[in-house]
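For reference, the structure discussed in these notes is given below.
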Amino acid sequence: MPELPEVETIRRGVEPHVLGRSIVAVTVRDARLRWPIPAGFADYARGRSIAAVRRRGKYLIFDLGGDRILLHLGMSGRLYLLNPDEPLRRHDHVDLLLSGDLLLRFHDPRRFGAVLPWPAADSDHVLVAGMGPEPLEDDFSTAYLFRESRGRSAAVKNFIMDGRVVVGVGNIYASEALFRAGIRPTVPAGRVTLPRYQKLVEAIRHVLLTAIERGGTTLRDFRGSRGESGYFQNELTVYGRDGERCRVCGTPIRRLVIGQRASYYCPVCQK
DNA sequence: AGTGCGGCCTGTCCGC
DNA sequence: TGCGGACAGGCCGCAC
């Protein structure tokens, strides 16, 4: 489900409500997520208070004052802020009951998500070690992306979706950024010129920032922590628009599969 | 080392 | 209305 803007939307929605609250009780109804929730997780989390909610790529990090909880929403995960008496629904896998009668509930039909302890003693976690720069930080630069791309034969779309290159750019925003930069998604990353990478870096930043401002993209089931829809889907230029006219030149948008993922582009605007 | 593919899961939608 | 198949916004692990 969520790419960086959706995860950031959730982070911003959740953090002010949970900050300073302690975890009173933990219920794990189904531990079979992408990685099993360890048996000791409830004991690990109980009694701790939440000092911050951070984001790294598409991971949410609940800072318990040193120790952390690492949480990923996968494709279909949702995080809800609820009253403690909220009825249980299918796929409600983990509950964190917080002080002051607030329930933080993890719901994930496909179970591609993850909820894992990240002890303070482990300076790095294997799942976030080796990740590329944040696309909205300064170390994600034209020079960096150009340098990383040299000699790479993979399609530029796959290249910018590679989390070791840059985090948080998923299938929707990769297509959108490449349209904005005028680059065809199939071009080998190593053949894209420096000026075009400059446009691409600008485009990735613009698309992600705009999507965050709109509260993310709701296509199927993305919702914020209070169940609200995002609005960026109204501004999609190519994603999911195959056969419809390009908003710039009127040419029908094309769909093709790159790396087993649907990709959309305008054959005239993108070379 | 970089690349591409399979697989993890359930829900939904589309065509027959 | 029922059924099978394709597809879905992520990403690790593996073979080449």
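Just so it is clear: chains get the letters A, B, ... in the order the sequence lines come, proteins before strands, and each one is counted from 1.
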Protein-nucleotide distance ([X], atom [atom1]; [N], atom [atom2]), rounded to Å:
X: Asp108(A); N: dG10(C); atom1: CG; atom2: C1'; result: 11 Å
X: Asp92(A); N: dT10(B); atom1: CG; atom2: C1'; result: 14 Å
X: Arg150(A); N: dT3(B); atom1: CZ; atom2: P; result: 12 Å
X: Asn171(A); N: dG9(C); atom1: CG; atom2: P; result: 5 Å
X: Met161(A); N: dG2(B); atom1: CE; atom2: C1'; result: 17 Å
X: Leu79(A); N: dG9(C); atom1: CG; atom2: P; result: 21 Å
X: Leu33(A); N: dC12(C); atom1: CG; atom2: C1'; result: 15 Å
X: Asp162(A); N: dA1(B); atom1: CG; atom2: C1'; result: 12 Å

Taking only side-chain N and O atoms of [X], does any of them lie within less than 4.0 angstrom of OP1 or OP2 on [N]?
X: Arg32(A); N: dC9(B); answer: no
X: Tyr173(A); N: dG9(C); answer: no
X: Arg110(A); N: dC8(B); answer: no
X: Arg152(A); N: dT3(B); answer: yes
X: Ser153(A); N: dT3(B); answer: yes
X: His91(A); N: dT10(B); answer: no

- Item | Separation between the P atoms of dC9(B) and dC14(C), rounded to whole Å | 16 Å

- Item | Same-atom distance (C1') from dT10(B) to dG13(C), integer angstrom |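 Rounded to whole Å, the distance is 22 Å.
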
- Message: If you assign each of Gln260(A) and Ala154(A) to its closest nucleotide in DNA chain B, which residue comes earlier from the 5' end?
- Response: Ala154(A)

- Any strand, both distances under 3.5 Å, Watson-Crick or G-U wobble: dT1(C) pairs with none

- Report the base-pairing partner of dC9(B) (Watson-Crick or G-U wobble, both distances below 3.5 angstrom), or none. none

- Message: I'd like to check Asp63(A) versus Val53(A) (side-chain heavy atoms, cut-off strictly below 4.5 Å). Are they in contact?
- Response: no

Nearest of [options] to any side-chain atom of [X]?
X: His72(A); options: dC11(C), dA8(C), dG11(B); value: dC11(C)
X: Arg90(A); options: dG13(C), dG7(B), dG11(B); value: dG11(B)
X: Tyr264(A); options: dA8(C), dC12(C), dG9(C); value: dA8(C)
X: Arg255(A); options: dG7(B), dA8(C), dT10(B); value: dA8(C)

- Query: With a non-hydrogen cut-off below 4.0 angstrom, is Tyr59(A) in contact with a base, only sugar-phosphate, or nothing?
  - Reply: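 Sugar-phosphate contact only - Tyr59(A) comes under 4.0 Å of backbone atoms but never of a base.
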
- If you measure from the Lys or Arg side-chain nitrogens to the Asp or Glu carboxylate oxygens, is any gap between Arg180(A) and Glu176(A) under 4.0 Å? no

- Message: Regarding Asp108(A) and Arg78(A), does a basic nitrogen lie under 4.0 Å from an acidic carboxylate oxygen?
- Response: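 Salt bridge flag = no for Arg78(A) with Asp108(A).
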
- Item | Ring-on-base stacking dC11(C) with Phe112(A) (under 5.5 Å, under 30°) |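 A stacking contact does not exist, since Phe112(A) is not both close and nearly parallel to the base ring of dC11(C).
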
- Could you check Phe232(A) against Tyr173(A) for ring pair (Phe, Tyr, Trp, His ring centres under 6.0 Å), going step by step and ending with a plain yes or no? CA-CA 11 Å; Phe232(A) 191 73; Tyr173(A) 299 114; 5.7 Å; yes

- Query: Would you call the rings of Phe106(A) and His93(A) parallel, tilted or perpendicular if under 30° counts as parallel and over 60° as perpendicular?
  - Reply: tilted

- Query: Between Pro2(A) and Val7(A), which heavy-atom pair has the shortest distance, and what is it?
  - Reply: CB-CG2, 3.9 Å

